Asker: 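Next up is a structure, given as structure tokens.
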Amino acid sequence: MGDTKGQVVAGGNGLGKRLDQLNCPRDVLIDKETDSLIICDTGRVVRWSRRSGTTQGEILIDNIACQGLAMDDQRYLYISDYIKDEVRRYQIGDKNGTIVAGGNGEGASLNQLNFPTYIFVDQQQTVYVPDNENHRVMKWNKGAKEGIVVAGGQGKGDALTQLSSPEGLFVDTLGTIYVADSWNNRVMRWPKGAKQGTIIVGGNGEGAGANQFKSPVGLSFDRHGNLYVVDCYNHRVQRFLIE
């Protein structure tokens with residue numbers, strides 16, 4: 001905090017496929033065990049050590065249309081693939097993984113996904129995934145053959161029962177879902193089991209005002225209850241204190 005300039009910790013050598021380059025990275029997480037960054041890059045997942053002097057990354061998984069990443073308490077890696085419409089779980093070093101959501105082709109059935117984006121995994125290895133083109137958030141319990149609709153799923157729209165191209169999400173310990181409802185320019189909260197959500201920020205039309213968004217795509221909470229929202233086409237990150 002307080003820095004006025006950022007520091008390049010991965011990539012920074014132009015767009016490309018070399019080990020010292022990235023190409024439109026979409027998501028990142030920190031693996032504390034190895035003190036490294038795991039990055040969802042175009043067509044691959046790469047790991048970059050955070051130690052000073054690191055000049056290139058290593059490829060963990062290749063030939064994957066990676067859109068989102070998550071890691072659970074046991075250091076399993078979860079990756080969404082928007083071409084195969086699935087989420088797989090990997091042990092670090094494993095190239096094949098196990099399907100934990102979707103994997104039955106593109107579609108709107110409970111065992112299918114259509115353009116899965118970011119992922120959230122809880123302590124029970126339950127996978128929550130925004131099912132972008134189906135305008136819903138799905139919950140897949142560990143070992144389940146199909147998912148459960150936990151937000152949206154009533155078609156594309158802006159009613160409180162609906163979502164429109166959901167992206168980033170966060171799930172608290174009570175099972176409350178916070179989701180960036182991208183095309184509705186709002187962030188919604190869906191309590192566990194609720195049939196409709198409430199708007200907690202945004203929902204005031206598309207715009208650049210302090211209470212507006214232009215396609216929010218990612219969100220995160222800190223331990224003080226501050227909500228950070230990636231406001232894509234306003235080219236900014238906004239912070240809100242959520243009661």
Side-chain angles (χ1 to χ4, degrees), residues 26-27 67-70 78 80-87 99-122 124 126-142 144-206 211-221 227-233 240 242:
R26 298 175 182 275
D27 203 0
Q67 185 74 13
L69 289 173
Y78 297 75
S80 63
D81 186 320
Y82 63 88
I83 298 293
K84 294 181 179 175
D85 296 299
E86 66 186 24
V87 178
I99 293 173
V100 292
N104 294 296
E106 177 188 306
S109 298
L110 291 177
N111 68 345
Q112 293 178 305
L113 298 169
N114 186 354
F115 207 95
T117 55
Y118 300 101
I119 315 164
F120 187 92
V121 181
D122 71 12
Q124 286 72 47
T126 307
V127 176
Y128 294 83
V129 56
D131 190 9
N132 187 279
E133 296 292 313
N134 285 325
H135 312 292
R136 64 189 186 183
V137 176
M138 299 296 290
K139 172 184 175 181
W140 287 67
N141 291 312
K142 186 179 180 181
K145 298 298 180 194
E146 61 179 38
I148 303 160
V149 180
V150 288
Q154 303 295 319
K156 178 182 175 182
D158 61 3
L160 293 178
T161 56
Q162 294 177 306
L163 297 169
S164 184
S165 296
E167 293 266 2
L169 84 165
F170 178 86
V171 184
D172 70 16
T173 52
L174 299 174
T176 306
I177 295 161
Y178 297 82
V179 58
D181 189 12
S182 183
W183 288 4
N184 283 326
N185 299 298
R186 64 191 185 185
V187 175
M188 296 194 76
R189 175 166 53 203
W190 291 67
K192 187 175 182 178
K195 297 299 180 194
Q196 68 177 43
T198 54
I199 300 165
I200 55 170
V201 285
N204 298 301
E206 180 184 294
N211 65 347
Q212 292 180 305
F213 298 115
K214 200 170 180 182
S215 191
V217 294
L219 54 83
S220 181
F221 278 94
L227 170 67
Y228 298 81
V229 182
V230 180
D231 190 6
C232 182
Y233 293 116
F240 303 88
I242 303 298

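In this text the structure is predicted, and so the values were computed from the model without any measurement. Atom set for the values below is all heavy atoms of this structure, side chains included, hydrogens, waters and symmetry mates excluded.
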Asker: Has Asn184 got a side-chain atom pairing as donor or acceptor with Gly157's backbone, closer than 3.5 angstrom?
Answerer: yes
Asker: Would you mind reporting whether Arg26 and Leu69 have side-chain heavy atoms less than 4.5 Å apart?
Answerer: no
Asker: Listed by chain and number, what are the ring-ring contact (aromatic ring centres under 6.0 Å, His included) partners of Phe170, not counting sequence neighbours?
Answerer: Phe120, Phe221
Asker: Quick one: CG on Asn211 to CG on Asn185, what's the gap to the nearest 0.5 Å?
Answerer: 11.5 Å
Asker: Examine distances only and state if a side-chain atom of Asn134 and a backbone atom of Arg136 form a donor-acceptor pair shorter than 3.5 Å.
Answerer: no
Asker: Roughly how far, to the nearest 0.5 Å, is CD of Glu167 from OG1 of Thr117?
Answerer: 4.5 Å
Asker: Just to verify, what does Phe240 make a ring-ring contact (aromatic ring centres under 6.0 Å, His included) with, not counting sequence neighbours?
Answerer: Phe213
Asker: So, the side chain of Gln112 versus the backbone of Asn104: is there a donor-acceptor pair under 3.5 Å, distance only?
Answerer: yes
Asker: Using atom types as modelled and distance alone, determine if a side-chain donor or acceptor of Gln162 lies under 3.5 Å from a backbone N or O of Gln154.
Answerer: yes
Asker: Between atom NZ of Lys156 and atom CG of Leu163, what is the distance when rounded to the nearest 0.5 Å?
Answerer: 12.0 Å
Asker: Do Leu110 and Met138 have side chains that get closer than 4.5 Å, going by heavy atoms?
Answerer: yes
Asker: Can any side-chain N or O of Ser164 pair as donor or acceptor with the backbone N or O of Trp183 at less than 3.5 Å?
Answerer: no
Asker: With sequence neighbours excluded, what pairs up with Asp181 under the salt bridge (charged side-chain N to carboxylate O under 4.0 Å, His left out) test?
Answerer: Arg186
Asker: Can you tell which of Ile177, Val171, Thr126 makes a side chain to side chain contact (heavy atoms under 4.5 Å, CB included) with Lys139?
Answerer: Thr126
Asker: Between Asp27 and Gln67, is there a donor-acceptor pair closer than 3.5 Å when you use the side chain of the first and the backbone of the second?
Answerer: no
Asker: Do Ile119 and Val127 touch side chain to side chain, with heavy atoms closer than 4.5 Å?
Answerer: yes
Asker: Which donor-acceptor pairs under 3.5 Å do side chains of residues 192-202 form with protein atoms, sequence neighbours excluded?
Answerer:
none

Asker: For Tyr233, check side chain to side chain contact (heavy atoms under 4.5 Å, CB included) against everything at least two apart and list the hits.
Answerer: Lys214, Ser215
Asker: Given Val137, which of Leu169, Ile148, Val149 fulfils the side chain to side chain contact (heavy atoms under 4.5 Å, CB included) condition?
Answerer: Leu169
Asker: Specify the closest pair of heavy atoms between Pro216 and Ala180, including all atoms of both residues, with the distance to one decimal.
Answerer: O-CB, 3.7 Å
Asker: Looking at side-chain heavy atoms only, is the closest gap between Ile242 and Arg189 below 4.5 Å?
Answerer: yes
Asker: With sequence neighbours left out, what residues match Glu133 under side chain to side chain contact (heavy atoms under 4.5 Å, CB included)?
Answerer: Asn114, Phe115
